[in-house]
2 protein chains.
Amino acid sequence: MKNNIKVQRAIHNFTQQDLADKIGVSRQTINAMEKGKYVPSTALALKLSQLFKISVNEIFELEAED
Amino acid sequence: MKNNIKVQRAIHNFTQQDLADKIGVSRQTINAMEKGKYVPSTALALKLSQLFKISVNEIFELEAED
DNA sequence: TCATAATGTAAAACAAACTTTACATTATGG
DNA sequence: CCATAATGTAAAGTTTGTTTTACATTATGA
């Protein structure tokens with residue numbers, strides 16, 4: 001699973017902490033997600049989608065191994 | 001979190017078992033998802049999105065309590 | 001109607017997401 | 001250069017997704 005959260009965050013000029021607060025998770029969760037350390041829940045994905053005003057499919061992309 | 005997996009499954013004429021096999025989860029996972037018993041991972045959501053050829057946002061919808 | 005497919009459900013176990021705490025490293029502005 | 005903000009990372013613990021097994025109920029077709 002790839003994602004472009006870091007880019008979206010840059011576009012919106014949010015720190016990891018900002019984003020964490022806005023969607024209600026810890027900063028480490030944001031960091032780990034950006035680093036591809038795990039795959040978030042669909043609820044989280046939809047919250048990012050709302051915040052960034054782009055679709056979940058535009059944020060996340062499946063890879064071969066998924 | 002609402003979803004319309006059951007409807008999509010009907011459109012594509014899949015049983016819960018069919019769908020489970022196609023996306024690589026157990027039938028109970030499909031059943032529980034349809035029943036709203038839990039929120040799947042984004043990986044699962046993307047697989048459903050691919051299979052049904054519609055976006056994740058068209059399958060899943062956040063609700064007030066999420 | 002009878003056999004069988006499909007669905008609903010539940011409990012126990014396991015895997016993965018997510019939090020908390022804590023510290024180290026890297027940017028950035030004054 | 002120095003202070004501080006931002007990011008990276010790690011370990012332990014909690015919560016939640018997911019599997020497995022098992023059985024009960026509801027549809028469906030012959």
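Fair warning: this is a prediction, and the values are worked out from it, not measured in the lab.
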Checklist entry - So do the side chains of Leu19(A) and Ile5(A) get within less than 4.5 Å of each other, counting heavy atoms only? => result yes

Checklist entry - Are any non-hydrogen side-chain atoms of Leu44(A) and Met33(A) less than 4.5 angstrom apart? => result yes

Next on the checklist: So if I take every side-chain heavy atom of Gln16(B) and compare against dT20(D), dT7(D), dG8(C), which nucleotide ends up nearest?
Outcome noted: dG8(C)

Next on the checklist: As a test of reading the structure: which of dT19(D), dT9(C), dT9(D) is closest to the side chain of Ser26(B), going by heavy atoms?
Outcome noted: dT19(D)

Checklist entry - Can you tell if the side chain of Val56(B) reaches within under 4.5 Å of the side chain of Phe60(A), non-hydrogen atoms only? => result no

Next on the checklist: Without decimals, in angstroms, what is the distance between Ile30(A) CD1 and dT20(C) P?
Outcome noted: 14 Å

Checklist entry - Are the side chains of Thr15(B) and Asp18(B) in touch, meaning some heavy atoms are under 4.5 Å apart? => result yes

Item to check | 4.5 Å side-chain heavy-atom contact, Met1(B) and Leu62(B) | outcome: yes

Checklist entry - For the pair made of CG in Asp18(B) and C1' in dA6(C), what is the distance, rounded to whole Å? => result 10 Å

Checklist entry - Whole Å only: how far is the CD atom of Glu65(B) from the P atom of dT16(D)? => result 14 Å

Checklist entry - Taking C-beta and beyond as the side chain, do Thr29(A) and Ile23(A) meet within less than 4.5 Å on heavy atoms? => result no

Next on the checklist: Are Gln8(B) and Ile54(B) packed together at the side-chain level, in the sense that at least one heavy-atom pair is separated by less than 4.5 angstrom?
Outcome noted: yes

Next on the checklist: Between the opening five pairs and the closing five pairs of the helix from dT1(C)-dA30(D) to dG30(C)-dC1(D), how far apart are the helix axes, to 10°?
Outcome noted: 60°

Checklist entry - To the nearest angstrom, how far is Lys47(A) atom NZ from dC18(C) atom C1'? => result 12 Å

Item to check | Whole angstrom value for the distance that separates P of dA16(C) from CE of Met33(A) | outcome: 18 Å

Item to check | Gln17(A) CD to dG8(D) P, straight-line distance once rounded to whole Å | outcome: 14 Å

Item to check | Nearest listed nucleotide, side chain of Lys37(B), among dT9(D), dT9(C), dT19(C) | outcome: dT9(C)

Next on the checklist: Mind checking if Ser41(B) touches a base, just sugar-phosphate, or nothing, with heavy atoms under 4.0 Å?
Outcome noted: sugar-phosphate

Item to check | Contact under 4.0 Å: Lys6(B) side-chain N or O vs dG8(C) OP1/OP2 | outcome: yes

Next on the checklist: From the set dA6(C), dC18(C), dT19(D), return the single nucleotide nearest to any side-chain atom of Thr15(B).
Outcome noted: dA6(C)

Checklist entry - Below 4.5 Å, heavy atoms only, C-beta onward: do Asp21(A) and Phe14(A) meet side chain to side chain? => result no

Checklist entry - Among dA22(D), dA17(C), dC23(C), which is the nearest nucleotide to the side chain of Arg27(A)? => result dC23(C)

Checklist entry - What integer distance in Å separates Asn13(A):CG from dA27(C):C1'? => result 15 Å

Item to check | Below 4.0 Å: OP1/OP2 of dG8(C) and any side-chain N or O of Asn31(B) | outcome: yes

Next on the checklist: Tell me if the side-chain of Gln28(B) makes a donor-acceptor pair with the base of dT7(C), cut-off 3.5 Å, by modelled atom types.
Outcome noted: no

Checklist entry - Among the nucleotides dT7(D), dT19(C), dT18(D), which one has an atom lying closest to any side-chain atom of Pro40(B)? => result dT18(D)

Checklist entry - What is the distance from CD1 of Ile5(A) to P of dC18(C), rounded to the nearest Å? => result 11 Å

